[in-house]
Amino acid sequence: MSSPLLVVRQAVAAAIKGPALVACSGGADSLALAAGSAMLRWPMRAAIIDHGLQNDSADIALTAAQLCRGLGLDVTVRRVQVGTHGGPEAAARTARYAALREIADGLPILLAHTLDDQAETVLLRLARGSGSRSLQAMAPVEGDLRRPLLALRRELLRAACAQAGLQPHEDLHNTDPRYARSRLRQHGLPALVEDLGPGVTLGLARSAALLREDNAALDLWAKHAHTDDVAALAALPRAVLMRVIRSLSLDAGCPPAALNREHLQAVASLIEDWHGQGPIHLPGGVRAARESGRLVLHRTAWRDDAR
C-alpha cells in the first residue's frame with residue numbers, strides 16, 4: 001500500500017500540469033497538501049493568509065510559513081481585512097480568495113478540501129433545502145481553483161503530516177459551536193456515522209459527484225434547448241425548463257445572487273399555468289411576460305430588487 005504522503009503527491013500531480021500556488025493555513029489538511037506539492041518536479045509556491053480573527057493569528061501564520069519553507073516552497077504571507085457581508089465564514093472566504101488570486105498571479109490555486117469537507121457541505125446544503133446544483137457541493141476544478149484532495153479522508157492527511165514530521169495547527173474555529181459546520185463536524189456527522197455506518201461520509205461525497213454529472217448533462221440539454229418559444233419551452237422536462245428560464249433571466253440582466261427559485265417558478269407559470277396573467281417582475285428591473293407565443297424578458301425603468 002502506498003504511503004500517505006505518496007498518495008497526497010499522486011493526487012496533486014493528477015490535478016495540475018505545472019507550477020501552482022498552495023493555500024496553506026497551517027492545519028493538517030493544507031500542510032499535507034503543501035508537503036505533497038513540494039515533492040513534485042515543478043517549482044511550487046505557498047500562500048498563508050492571516051485573517052486576523054484570532055489573537056495569535058500572526059504567530060500561526062509565521063509558523064505555517066516556516067514549515068512550508070522547510071519543505072522547500074517559496075512562501076508569501078498576507079494579512080487581510082475581513083468584512084461582514086454574508087457572515088463571518090463567507091466574509092473570510094471572500095477576503096482569502098481575493099488575496100490568493102492576487103498572489104497567484106495567474107497560477108492555479110490548490111485548496112485542501114477533503115472528502116470529509118465535501119460530505120459536510122452536502123449535509124449543510126441539504127438542511128437548507130438546496131437544489132441539485134447546490135448539493136453537488138465543491139467541484140475538483142472551479143476556474144483557477146483546484147481541489148486535489150477531495151477523494152481523500154482527513155485521517156490520511158494527518159498521517160501524511162506525521163510521516164513528513166509536520167506538526168499541524170489545531171484551529172479553534174473547527175470546534176467552535178457558533179459555527180454550523182463546526183457543530184456538524186463535532187456532533188452531527190459522527191452521529192450519522194454511528195447510526196448508519198462508516199460509509200455515510202463516502203456516500204454523501206459520492207452523491208455530490210453523481211449530482212455534478214447529472215447537472216452537467218442537464219445544463220448541456222438546456223444550452224441546446226435555449227429558446228423563448230413558449231410551445232418549445234412547454235415541451236421540456238421541468239428541470240431543463242427551469243435552467244432555460246434562469247439563463248434567459250440572466251441574459252436579460254438579473255443579478256445571479258438575487259435570482260431565486262421562487263422567481264423562476266413565477267416565470268414558469270407563464271408557460272405552465274397560462275391564463276392571461278400580467279408580467280412578472282424580477283430582480284435587477286427585469287420584466288418577464290408572455291407575448292404572442294414568446295417568453296419575453298427585458299429590463300424596464302422600474303426596479304424592485306426585493307421581489
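Since this is a predicted model, take the numbers as computed values, not measurements.
Side-chain atoms of Gln136 never come within 3.5 Å of backbone atoms of Ala208 as a donor-acceptor pair (strictly under, hydrogens ignored). Using a distance-only test at 3.5 Å, with no hydrogens or angles considered, a donor-acceptor pair links the side chain of Asp229 to the main chain of Ala232. Listed for the Ser30 side chain is no donor-acceptor partner under 3.5 Å among the backbone atoms of Ala112. No donor-acceptor pair under 3.5 Å is formed between the side chain of Arg101 and the backbone N or O of Asp144. No donor-acceptor pair closer than 3.5 Å links the side chain of Arg299 to the backbone N or O of Arg287. Arg146 places no side-chain N or O within donor-acceptor distance of the main-chain N or O of Val141, the cut-off being under 3.5 Å. Without hydrogens or angle criteria, His263 side chain to Asn260 main chain gives a donor-acceptor distance under 3.5 Å.
In this structure, Ala119 and Leu189 approach most closely via the heavy-atom pair CB-CD2, 4.5 Å. What you find for Val240 and Ala225 is that their closest heavy atoms are CG1-CB, 4.4 Å. When all heavy atoms of Ser269 and Gln277 are compared, the closest pair comes out as O-NE2, 3.3 Å. Between Pro4 and Gln163, the closest heavy-atom pair is CD-OE1, 3.3 Å. Minimum heavy-atom separation, Thr114 to Leu150: O-CD2, 3.6 Å. A pairwise comparison of heavy atoms in Pro148 and Ala11 identifies O-CB, 3.5 Å as the closest pair.
A salt bridge links Arg154 with Glu120: the distance from a Lys NZ or Arg NE/NH1/NH2 to an Asp or Glu carboxylate oxygen falls below 4.0 Å. At a threshold of 4.0 Å, the pair Glu102-Arg96 does not count as salt-bridged, since none of the basic side-chain nitrogens sits closer than that to a carboxylate oxygen. Between Asp116 and Arg185, none of the side-chain N atoms (NZ, or NE/NH1/NH2) sits under 4.0 Å from a carboxylate O, so this pair counts as no salt bridge. Using a 4.0 Å cut-off between charged side-chain N and carboxylate O, Asp219 and Arg243 make a salt bridge.
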With salt bridge (Lys or Arg N to Asp or Glu O under 4.0 Å) as the criterion, how do Arg290 and Glu272 come out once you've worked through the C-alpha distance, each side chain's angles and the decisive distance to 0.1 Å? CA-CA 11 Å; Arg290 177 167 171 159; Glu272 300 172 326; over 6 Å; no
Derivation of the side chain to side chain contact (heavy atoms under 4.5 Å, CB included) call for Arg78 and Asp50: CA-CA 6 Å; Arg78 180 72 53 85; Asp50 176 6; over 6 Å; no
Could you go step by step and tell me if His51 and Gln81 meet the side chain to side chain contact (heavy atoms under 4.5 Å, CB included) rule? CA-CA 7 Å; His51 301 88; Gln81 293 294 322; over 6 Å; no
Working note: Ile245 + Ile271, criterion side chain to side chain contact (heavy atoms under 4.5 Å, CB included); need CA distance, chi angles, decisive distance, verdict. CA-CA 10 Å; Ile245 292 174; Ile271 300 164; 4.2 Å; yes
Trace of the side chain to side chain contact (heavy atoms under 4.5 Å, CB included) decision for Leu204 with Leu126: CA-CA 11 Å; Leu204 288 166; Leu126 184 64; 5.7 Å; no
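To the nearest 0.5 Å, atom CG of residue Asp56 and atom NE2 of residue His169 are 6.5 Å apart. Residue Cys24 holds its SG atom at 10.0 Å from CG of Asp29, rounded to the nearest 0.5 Å. Here the OG atom belonging to Ser207 is positioned 10.5 Å from the CD atom belonging to Gln118, to the nearest 0.5 angstrom. If you take CZ on Arg246 and CG on Asp251, they are separated by 11.0 Å, rounding to the nearest 0.5 Å. Once rounded to the nearest 0.5 Å, the distance linking CG of Leu157 with CG of Leu152 reads 5.5 Å. How far CG of Leu111 is from CD of Glu142: 9.0 Å, rounded to the nearest 0.5 Å.
Looking at Arg181 and Thr121, their side chains do bring a donor and an acceptor atom within 3.5 Å of each other.
Residues Thr227 and Leu248 are not in side-chain contact: their nearest non-hydrogen atoms beyond the backbone lie 4.5 Å or more apart. Using a 4.5 Å heavy-atom cutoff, the side chains of Ser37 and Leu33 are in contact. Residues Arg153 and Thr201 form a side-chain contact, since some pair of their non-hydrogen atoms from C-beta on lies under 4.5 Å apart. The closest side-chain heavy-atom distance from Ile16 to Leu40 is below 4.5 Å. Under the 4.5 Å side-chain criterion, counting only non-hydrogen atoms from C-beta, Leu71 is not in contact with Met39.
When Ile60, Val77, Thr63 are each tested for a side-chain contact (heavy atoms from CB on, under 4.5 Å) with Ile48, only one passes: Val77. Among Ile109, Leu145, Leu110, the single residue meeting the side-chain contact (heavy atoms from CB on, under 4.5 Å) criterion with Leu100 is Ile109.
By the neighbour-count criterion of 12 heavy atoms within 6.0 Å, atom CD of Glu194 is sparsely surrounded, having that number or fewer from other residues, nucleotides or ligands. Counted within 6.0 Å of CG on Asp273, heavy atoms from surrounding residues, nucleotides or ligands total more than 12; the atom is thus considered enclosed.
Linking Ile, Leu, Val, Met, Phe, Trp and Tyr residues whenever their side-chain heavy atoms come within less than 4.5 Å places Leu218 and Leu250 in a single cluster. Taken together through direct or relayed side-chain contacts under 4.5 Å among Ile, Leu, Val, Met, Phe, Trp and Tyr, Val82 and Ile49 form part of one hydrophobic cluster. Residues Val22 and Leu156 are members of one and the same hydrophobic cluster, defined by side-chain heavy-atom contacts under 4.5 angstrom among Ile, Leu, Val, Met, Phe, Trp and Tyr. When the side chains of ILVMFWY residues are joined at heavy-atom separations under 4.5 Å, either directly or via intervening members, Val12 and Leu107 end up in two distinct hydrophobic clusters. Criterion: ILVMFWY side-chain heavy atoms under 4.5 Å apart, direct or through other members. Under it, Leu21 and Tyr97 are part of a common hydrophobic cluster.
Partners of Arg183 according to the salt bridge (Lys or Arg N to Asp or Glu O under 4.0 Å) rule, which considers only residues two or more places apart in sequence or in another chain, do not exist here.
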